[in-house]
Each structure stands twice: as structure tokens, then as C-alpha cells.
Amino acid sequence: MIEVEVRDVDLQEAASKGIDEFVQVFVDAIYKSIGGELTLETMQELNSDQITLLAYIVLRDEVMNGGFVQLIHNGYGSFIFKNPFAKAVKAWGMKDLCRMVYDVHSLYVKYNDEIEKDCTDDEFMAMFEKYPEFDDYDDEFVEKEEQWTADIARYIDSNIENFAKIV
């Protein structure tokens, strides 16, 4: 396992700015420790909590910017749906997010081959109308993102040693 370090002064500053900044300090430290890129090789250097945190950030950023269709099209579907991410967030107490990931998993299985294909920008934009089944999940995620990010922050705060060494 690689050692991830967060400076106490950075942590205190981020915590004073808010939940998103608090979470981001850990995300940045984890990425820094693995050379800035999450790959199969670098994942092996991280523990399950660190990987789950990075998966949540990928999920959040993709869905908030373009929904689950974008997440899948950009190649993150297998990272979220073929790994124990849902089970991990359930263990963190996030049952609603777990349920949503399981629900969207069935759509991923049904449509991922089509959505993951290379396409033009126009073809990509047309996917949002072609796959309206994702719309309610996109909307629900946007509505609950702030609460879920707060839940993530509380979990990190209660289990800091699983995420980084404070120096």
C-alpha cells in the first residue's frame, strides 16, 4: 500500500471552507500519491476506502456534468457498475446511493454496448433522448448530491486513517 499524506494545515483550511473542499483535500492527496492517474496498477496501491472515494468523485463529476449516459460513454461504467462500489457505499451508510447504483446497473447492462461506442458530438447528444430511462436517476442524483457528499465527508472524518496519514 502506498502512503497517502495530508498536511494538517491543508486539512484545517479545507475544513473551514466547506464539505467539498474537505473531501477534495483527500482526493487530491490520493491522486498525488499515485502519480495523478487511477489505473489498474495504481488501484492495487490503494485500499478499498480510497478507491471508493475516487469512484464516488468520478460518479459525481460525470453525472453532475452529463448524467449517467455521459458516465457510461466516457468509459467509467465498468468502474462503477462492475466493481463493489455500491456495496462499499452501503457499508458507509449510504443506502439510497447504493440502491440507485444497483438500479442504474440494470440499464448499464442493457445499453452499455451502444452508449460506449465512439460517436460524433451530435450522436452523443442524441443519446440523451434515445435513453430517457436514465433521466429520473440523473435528476435524483443532482437532488441528493449535496447530501451524499456530506455523507462522504462524515465517513472520511470518522475514518481518516483509512484515507490518509495527517502530517
Side-chain angles (χ1 to χ4, degrees), residues 2 4 19-21 23-24 26-156 162-163:
I2 199 160
V4 176
I19 291 167
D20 290 331
E21 291 81 358
V23 170
Q24 194 62 44
F26 290 93
V27 171
D28 292 345
I30 294 167
Y31 272 117
K32 181 180 178 185
S33 74
I34 58 172
E37 189 176 356
L38 187 63
T39 65
L40 188 57
E41 292 77 29
T42 59
M43 267 197 279
Q44 294 172 15
E45 298 293 324
L46 301 175
N47 66 41
S48 60
D49 278 346
Q50 293 165 330
I51 294 168
T52 300
L53 173 59
L54 296 184
Y56 174 74
I57 296 303
V58 166
L59 174 68
R60 183 193 70 187
D61 291 352
E62 290 293 318
V63 174
M64 293 298 288
N65 287 317
F68 282 99
V69 168
Q70 178 177 302
L71 173 99
I72 296 166
H73 180 73
N74 286 343
Y76 295 113
S78 61
F79 183 43
I80 300 299
F81 301 114
K82 291 185 177 181
N83 285 303
F85 174 74
K87 187 176 178 182
V89 294
K90 183 177 182 182
W92 289 11
M94 301 174 70
K95 292 180 176 129
D96 286 348
L97 180 57
C98 172
R99 178 200 45 79
M100 176 185 282
V101 172
Y102 281 134
D103 289 349
V104 178
H105 178 264
S106 63
L107 297 175
Y108 169 75
V109 169
K110 187 174 182 180
Y111 298 121
N112 76 295
D113 288 340
E114 291 178 51
I115 294 173
E116 289 175 347
K117 288 181 182 175
D118 285 337
C119 62
T120 66
D121 287 344
D122 289 340
E123 290 169 330
F124 172 70
M125 294 309 290
M127 287 186 201
F128 293 100
E129 293 198 23
K130 187 174 182 180
Y131 305 108
E133 297 98 322
F134 291 98
D135 291 351
D136 288 342
Y137 297 110
D138 294 343
D139 293 344
E140 181 183 353
F141 192 95
V142 170
E143 289 170 16
K144 294 183 176 178
E145 180 274 331
E146 201 171 298
Q147 177 60 50
W148 286 337
T149 300
D151 292 343
I152 295 283
R154 275 190 292 282
Y155 184 84
I156 292 170
N162 293 351
F163 295 92

Ignoring hydrogens and angles, tell me if any N or O in the side chain of Asp151 forms a donor-acceptor pair with the backbone of Gly93 under 3.5 Å.
no
Closest contact, heavy atoms only, Leu97 versus Phe141:
CD1-CE1, 4.0 Å
Starting at OG1 of Thr39, measure out to CD of Glu45 and round the result to the nearest 0.5 Å.
9.5 Å
Between Glu114 and Lys130, does any NZ, NE, NH1 or NH2 come within less than 4.0 Å of an OD or OE carboxylate oxygen?
yes
Within the 4.5 Å heavy-atom criterion, are Val89 and Trp148 side-chain neighbours or not?
no
Can you tell me if OH on Tyr76 sees more than 12 non-hydrogen neighbours from other groups inside 6.0 Å?
no
Side-chain heavy atoms of Tyr137 within contact of Val63, under 4.5 Å:
no
Closest approach of Leu71 and Val58, non-hydrogen atoms and distance?
CD1-O, 4.2 Å
Given Leu54, which of Leu59, Asp49, Val27 fulfils the side chain to side chain contact (heavy atoms under 4.5 Å, CB included) condition?
Val27
Could you check if a side-chain atom of Tyr108 sits within less than 4.5 angstrom of a side-chain atom of Ile115, using non-hydrogen atoms only?
no
Spacing of Met100 atom CE and His105 atom NE2 [to the nearest 0.5 Å]:
15.5 Å
Does some side-chain heavy atom of Gln50 sit less than 4.5 Å from a side-chain heavy atom of Ser33?
no
If you define the side chain from C-beta out and look only at heavy atoms, does anything of Tyr56 sit under 4.5 Å from Val23?
no
To the nearest 0.5 Å, what is the distance between CD1 on Ile2 and NZ on Lys32?
11.5 Å
Can you list the steps and then say if Lys117 with Asp113 is a side-chain contact (heavy atoms from CB on, under 4.5 Å)?
CA-CA 7 Å; Lys117 288 181 182 175; Asp113 288 340; 5.6 Å; no
What do you reckon, are the aromatic ring centroids of Phe124 and Phe128 less than 6.0 Å apart?
yes
Distance from Gln44 atom CD to Ile34 atom CD1, nearest 0.5 Å?
12.0 Å
What are the two closest heavy atoms between Cys98 and Ala86, and how far apart are they?
SG-O, 3.4 Å
Heavy atoms from other residues, nucleotides or ligands near NZ of Lys90 exceed 12 (cutoff 6.0 Å):
no
Quick check: closest heavy atoms across Glu37 and Thr42, and the distance to 0.1 Å?
O-OG1, 3.0 Å
Look at the aromatic rings of Phe163 and Trp92 and report parallel, tilted or perpendicular, splitting at 30° and 60°.
perpendicular
Please give me the minimum heavy-atom distance between Thr120 and Glu123, naming the atom from each residue.
N-OE1, 2.8 Å
Looking only at heavy atoms, which two atoms of Arg99 and Glu140 are closest? And how far apart?
NH2-OE2, 2.5 Å
Under the criterion side-chain contact (heavy atoms from CB on, under 4.5 Å), I'd like the reasoning laid out for Ile51 against Phe85: C-alpha separation, chi angles, the key distance, then a yes or no.
CA-CA 9 Å; Ile51 294 168; Phe85 174 74; over 6 Å; no
Are Tyr155 and Ile152 side-chain neighbours, meaning at least one heavy-atom pair lies under 4.5 Å?
no
Euclidean distance, Thr149 OG1 relative to Lys144 NZ, rounded to 0.5 Å:
13.5 Å
Steps toward side-chain contact (heavy atoms from CB on, under 4.5 Å) verdict (Gln24, Asp20):
CA-CA 6 Å; Gln24 194 62 44; Asp20 290 331; over 6 Å; no
Counting only heavy atoms not in Asn65, do more than 12 sit closer than 6.0 Å to its CG atom?
yes
Does any non-hydrogen side-chain atom of Leu38 lie less than 4.5 Å from one of Ile30?
no
Given side chains that start at C-beta, do those of Phe68 and Tyr131 come closer than 4.5 Å, heavy atoms only?
no
